[in-house]
There are 2 protein chains.
Amino acid sequence: MNNLISIKSATLSEDIAQQLTNAIVQGQIPQGSKISEPELAKQYGVSRGPLREAIVKLEGLGLVTRTANVGARVIELNTQDMLDTFTMREALEGMAARLAASKMPSDEINNLYALLDKHQAHLDANQDEHYVQQGGNDDFHLRIIHASGNAKLIRLLTEELYAVIRMYRRHTADQRSDPRQALREHKAILDAIANHEGDLAELLMRRHISRASRLLKQAMEHSAIASRT
Amino acid sequence: MNNLISIKSATLSEDIAQQLTNAIVQGQIPQGSKISEPELAKQYGVSRGPLREAIVKLEGLGLVTRTANVGARVIELNTQDMLDTFTMREALEGMAARLAASKMPSDEINNLYALLDKHQAHLDANQDEHYVQQGGNDDFHLRIIHASGNAKLIRLLTEELYAVIRMYRRHTADQRSDPRQALREHKAILDAIANHEGDLAELLMRRHISRASRLLKQAMEHSAIASRT
DNA sequence: ACTAGCAATATTGTTAACAATAAAGTATTT
DNA sequence: AAATACTTTATTGTTAACAATATTGCTAGT
């Protein structure tokens, strides 16, 4: 069951943390469910020590909440928390776009234009398929974040907040997102960056995320996730 | 030695994490020093289990860095990391000020005006003493952050990033900060919030933090901290 | 004298047993 | 029959011993 992606990390604890993160983000461990230490330890074939360390890490990532002498539970997605999280994203990725506009080397800008062309081609080819934000190295947002050159910002967005964001994206399946509109916005942001217009880049990135957040909100309110409370 | 503030938490791990955080922020455990598990365990009178959990938490707070099979080291403050951190603060606290401008109830606004008056009185009384940003409930910034009403933002700023920010503040002693100027800026920010001018509040908060960051940079470059590398 | 390889030591990672707290179930009382 | 107190059970928190890795110090060779 766990032979999906079994990356041998340097330490068991890291390995388990990674696997647990994926399992939670992908919904294999359902929202609100209790994390039983003995059960999971047996399931992953480790002792409770490394498993507990992993749980502490997940708590830091905001994927589980722990209460003393009771245990850990997987968080439950709800509209308010999503809105709060995306407001933070607005602030942080907006700043990332601003920084990128002043620092991004021209060859990387060209790479990004090429990436957007690739996305465009993909959209033209697969007419109806809803163009998922892939989350890999082809993710426009990740590229902008890295281009900010701010190590702390990069770590916060790509390591600490990213898991939760991915969770929201995945569980709502981005049904109503309009991929062509998103791509247009990406292009506008990149144009601003290419022209070294930091103010504009920040503004556009904020609007882009704000719009995504509104769409997600609608999707959540009309889906089972909201009513699962 | 540790009877300074020995808060009995529900669990040993939390307790140790709190004590270690304070010890690092206040410099009792020096920057760059190695965290020896056996040593600290003996010192705090606990076994290595809870201590390790505490270290994992501190890693999440960015106070220590860990490498597998080698151990944990206290971070070393340096100018670049400080600038990166304060850039994030600009984005996040700027957003907090914007949100506060749209949400803050009028009685809390009055409370804050009273607080600033108190700060003013304190400055008038103690002419030369450099008005430390106290970090308690009297801290203007904390009040604005809480007024944002964004639970995720509050947690991030006051629980995850705050320890490191306090560390920078303390280790540079804010020598060159001009408390009267800072107070004027606080008043301007509060005015904007009182008038529900979100854009302005955000702009002013960003400038305020940016200025503090420039001053800190100067202080660090002319102090022993920068040369300790 | 300096470098390279090896042995010894100490530290971290992991495990399993023990203690303490909370949850569940049962019995007893009103 | 319902509610409360108590007992039992299971889970979390903690400890101490064991395994594995990295560092240190020594020896030998050039």
Side-chain angles (χ1 to χ4, degrees), chain A residues 2-3 6-21 23-24 28-76 159, chain B residues 2-3 6-21 23-24 28-76 159:
Chain A
N2 345 346
N3 46 8
S6 92
I7 314 126
K8 263 282 173 289
S9 292
T11 166
L12 273 184
S13 163
E14 291 174 29
D15 207 5
I16 301 295
Q18 192 65 50
Q19 294 197 44
L20 276 181
T21 300
I24 289 176
Q28 292 159 18
I29 303 178
Q31 295 176 39
S33 66
K34 187 165 183 325
I35 302 282
S36 164
E37 292 182 9
E39 186 181 326
L40 277 186
K42 199 182 66 180
Q43 190 170 330
Y44 285 100
V46 297
S47 70
R48 280 178 53 220
L51 187 81
R52 274 179 72 91
E53 262 188 37
I55 292 176
V56 172
K57 281 180 195 156
L58 292 207
E59 186 188 22
L61 294 180
L63 287 176
V64 304
T65 56
R66 274 179 7 130
T67 44
N69 293 314
V70 173
R73 300 196 90 87
V74 178
I75 58 161
E76 302 196 43
E159 292 178 29
Chain B
N2 341 349
N3 47 9
S6 96
I7 315 123
K8 262 282 173 288
S9 293
T11 167
L12 273 184
S13 163
E14 291 174 28
D15 207 5
I16 301 295
Q18 192 65 51
Q19 294 197 45
L20 275 181
T21 300
I24 290 176
Q28 291 159 20
I29 302 178
Q31 296 176 39
S33 67
K34 185 162 186 327
I35 302 283
S36 165
E37 291 181 9
E39 186 183 325
L40 276 186
K42 200 182 66 181
Q43 189 171 330
Y44 285 99
V46 297
S47 71
R48 280 178 53 218
L51 187 80
R52 274 179 73 90
E53 261 188 39
I55 292 176
V56 172
K57 281 181 196 156
L58 292 208
E59 186 188 21
L61 295 180
L63 287 176
V64 304
T65 57
R66 277 187 355 138
T67 44
N69 295 312
V70 173
R73 300 196 89 88
V74 178
I75 58 161
E76 302 196 44
E159 290 177 31

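Each chain gets a letter, A, B and so on, in the order the sequences are listed, and its residues count up from 1. Note that the structure is predicted; figures quoted are calculated from it, not measured.
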Quick one: [X] [atom1] to [N] [atom2], roughly how many Å, whole number?
{"X": "L51(B)", "N": "dT14(D)", "atom1": "CG", "atom2": "P", "result": "12 Å"}
{"X": "L12(B)", "N": "dT21(C)", "atom1": "CG", "atom2": "C1'", "result": "13 Å"}
{"X": "E53(A)", "N": "dG13(D)", "atom1": "CD", "atom2": "P", "result": "14 Å"}
{"X": "E37(A)", "N": "dT14(C)", "atom1": "CD", "atom2": "P", "result": "16 Å"}
{"X": "R73(A)", "N": "dT12(D)", "atom1": "CZ", "atom2": "C1'", "result": "14 Å"}
{"X": "I55(B)", "N": "dG13(C)", "atom1": "CD1", "atom2": "C1'", "result": "12 Å"}
{"X": "R52(B)", "N": "dT11(C)", "atom1": "CZ", "atom2": "P", "result": "14 Å"}

Within the sub-3.5 Å range, which N or O atoms of nucleotides 18-25 of chain D have a protein N or O partner, and how far apart are they?
| from | atom 1 | to | atom 2 | distance (Å) |
| --- | --- | --- | --- | --- |
| dT21(D) | O3' | N69(B) | ND2 | 3.4 |

Point-to-point distance, once rounded to the nearest 0.5 Å, from CD1 of I55(B) to CG of L40(B):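 With rounding to 0.5 Å, CD1 (I55(B)) is 6.5 Å from CG (L40(B)).
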Options dG13(D), dT15(C), dG13(C), nucleotide nearest the side-chain atoms of R66(A):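 Closest nucleotide among those given: dG13(D).
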Please determine, for the side chain of K34(A), which listed nucleotide (dT15(D), dT11(D), dG13(D)) has the closest atom?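 Of the candidates, dT11(D) comes closest.
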Heavy-atom check, side chain of L51(A) versus side chain of I35(A), under 4.5 Å: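 L51(A) does not reach I35(A) side chain to side chain.
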Run through L58(B), L63(B), V74(B) and flag the one making a side-chain contact (heavy atoms from CB on, under 4.5 Å) with L20(B). L58(B)
Within the structure, does a side-chain N or O atom of K42(A) lie under 4.0 Å from either OP1 or OP2 of dT11(D)? no
If the cut-off is 4.0 Å, is T11(A) near the phosphate of dT14(C), judged by side-chain N/O to OP1 or OP2? yes
Under 3.5 Å, is there a donor-acceptor pair between the side chain of S33(B) and the main chain of I29(B)? no
Quick check on DNA chain C: between I35(B) and S47(A), whose nearest nucleotide comes earlier from the 5' end?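 Closest to the 5' end, via its nearest nucleotide, is I35(B).
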Are K57(A) and S13(A) linked by a side-chain donor-acceptor pair shorter than 3.5 Å?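 A pair is found: one side chain offers a donor N or O, the other an acceptor, under 3.5 Å apart.
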Does R66(A) come within less than 4.0 Å of E53(B), counting only side-chain N to carboxylate O?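 The answer is yes: the pair qualifies as a salt bridge.
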Take a 6.0 Å sphere around NZ of K42(B) and say whether it holds more than 12 heavy atoms from other residues, nucleotides or ligands. no
